[in-house]
Amino acid sequence: MSHSPVLLVIAHGSRDPRHAATVHALVGEVRAQHPGVRVETAFLDFNVPSVQGVLKSLAAEGVRDVVALPLLLTRAFHAKADIPAVLREAPRGMRIRQAEVLGPDPLLVSALERRLYEAGLAPADKPMTGVVLASAGSSDPEAIAVIAEIAREWRHTGWCAVRPAFASASLPRTEDAVRELRALGCERVAVAPYVLAPGRLPDRIAAGAAGADVLADVLGPAPEVARVLIERYKTALVRELLAVGA
C-alpha cells in the first residue's frame, strides 16, 4: 500500500453520461502524470460511487489518510458547504484534508487556450478575436467575481477582448456576450467553456455560441487541468506540514 495519502477526487455528478466519462478520463490523466499516488473518484450526486461509499471502502482497507479534492473551478456552495458536510460523515479514525478548488490558476487559462487552438484558432488570431469566457454560473458573488477577474486578466494576453458569460444564475448569457464582442468590432468571436465536463449547462453554453465563429471543447482531461489537481494535492500536504511545524 502506498504511504502517500489517497487523493479522492470529488465531482459533482450528472445525469448526462458524458460527465462521468470525462471525470474518469481526467482522473486517468492525473494517474498517468503522478503514478506514485493512489487516486479515487467519487460523486456528490447522480453517479456512483458516492463519497460515503468510497470512504467506507477505503476505511475497510485500512486507509486512514485522505486528501479530498473538490473537482470545482470556483469556491461556490458545493465547496463551502456540501463537500465539507459529506466529509464530516467519514468513518471514525479517518484523517481527511480538503484541498482547495482548482481555480483560478494560470494552468487553467493555458487549458482554455489549448481548447481554442484545437478548435481551429491560432496564436496569430488573438488580436482580431474576441473570446467569451463561458462558465456554468453561480449565485455566489465570490465565484462570479473570480470569473470576471479571469476574463480581465486573460484580455491582457493579446486577445481583442474577453467577456465573461454564465449559463445560469447570473448575466450576461453566452449569446449576449457574443453579440457584445461583435458590436465591439472583433473580427472573430470564440466561445471558451470554462467548465470541466459536458452536461446540461455546458449544452446551454454551446447553444448560446451559435452566433460565434469558434466553440471550444470543455476543459476535460487536458494535461494542464491534471497538473492543477496534482498541485492542489501537494499544497494540501505542505499546508498540513506547515501547520504541524507551527
Side-chain angles (χ1 to χ4, degrees), residues 5 7-12 19 22-23 25-34 37 39 41 67-80 83-84 97-119 121 123 126 131-138 140-159 162-167 170 190-199 201-202 205 216-242:
L7 170 56
L8 176 60
V9 176
I10 302 176
H12 182 272
H19 174 88
T22 304
V23 170
L26 173 57
V27 170
E29 177 68 21
V30 174
R31 289 186 181 119
Q33 289 191 24
H34 206 41
V37 171
V39 188
T41 311
V67 172
L69 194 156
L71 196 61
L72 300 167
L73 293 171
T74 59
R75 267 184 46 78
F77 183 77
H78 293 303
K80 294 177 179 178
I83 291 176
R97 286 161 279 193
Q98 182 175 329
E100 292 295 332
V101 297
L102 303 187
D105 193 285
L107 282 169
L108 296 177
V109 176
S110 297
L112 287 166
E113 295 206 351
R114 170 190 289 273
R115 294 301 188 226
L116 284 169
Y117 298 151
E118 289 170 352
L121 288 179
K126 274 188 165 186
V131 178
V132 178
L133 178 67
S135 82
S138 173
D140 188 311
E142 179 188 346
I144 297 303
V146 166
I147 301 299
E149 180 61 23
I150 293 169
R152 278 193 294 271
E153 292 185 4
W154 200 15
R155 159 70 181 84
H156 295 310
T157 64
W159 297 101
V162 180
R163 292 289 185 272
F166 308 94
S170 309
V191 174
Y194 189 59
V195 293
L196 288 166
L201 294 179
I205 290 171
D217 199 358
V218 298
L219 296 174
E224 296 88 351
V225 179
R227 282 177 58 196
V228 176
L229 266 73
I230 294 163
E231 287 186 2
R232 295 292 177 269
Y233 170 80
K234 291 180 176 178
T235 299
L237 299 182
V238 170
R239 197 170 59 231
E240 180 72 16
L241 288 173
L242 290 173

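Considering all non-hydrogen atoms of both residues, L102 and V228 come closest at O-CG1, 3.5 Å. Taking every heavy atom of both residues into account, V195 and A136 meet most closely at CG1-N, 3.9 Å. The two residues P70 and A99 have their closest heavy-atom pair at CD-O, 3.3 Å. Scanning both residues, L7 and L69, for their nearest heavy atoms gives CD1-CB, 3.8 Å.
Residues in residues 190-199 take part in no side chain to side chain donor-acceptor pair (under 3.5 Å) pair, two or more places apart or across chains.
R232 has a carboxylate O that lies under 4.0 Å from a charged side-chain N of D105, or vice versa, which qualifies the two as a salt bridge. Salt bridge present: R152 and E149 bring a charged side-chain N and a carboxylate O closer than 4.0 Å. Salt bridge annotation for R115-E224: absent, with no cationic side-chain nitrogen under 4.0 angstrom from a carboxylate oxygen.
Contact annotation: the side chain of L71 approaches that of L26 to within less than 4.5 Å [non-hydrogen atoms, C-beta and beyond]. At least one side-chain heavy atom of P198 sits under 4.5 Å from a side-chain heavy atom of T22. Looking at heavy atoms from C-beta onward, H34 lies out of side-chain contact with V39 at the 4.5 angstrom threshold. Under the 4.5 Å side-chain criterion, counting only non-hydrogen atoms from C-beta, L133 is in contact with I147.
Looking only at distances, no side-chain donor or acceptor of S138 sits under 3.5 Å from a matching main-chain atom of I144. Panel note: side chain Y233, backbone P5; a donor-acceptor pair is recorded below 3.5 Å. Between the side chain of R75 and the main chain of V101, no donor-acceptor pair closer than 3.5 Å is present. At distances below 3.5 Å, not a single donor-acceptor pair connects side-chain atoms of S170 with backbone N or O atoms of F166. Of the possible donor and acceptor atoms, none in the side chain of Q98 sits under 3.5 Å from a partner among the backbone N and O of I83. A donor-acceptor pair under 3.5 Å is absent between the side-chain atoms of R227 and the main chain of E231, judged by distance alone.
Taking CZ of R155 as the reference point, atom CZ of R163 lies at 8.5 Å (rounded to 0.5 Å).
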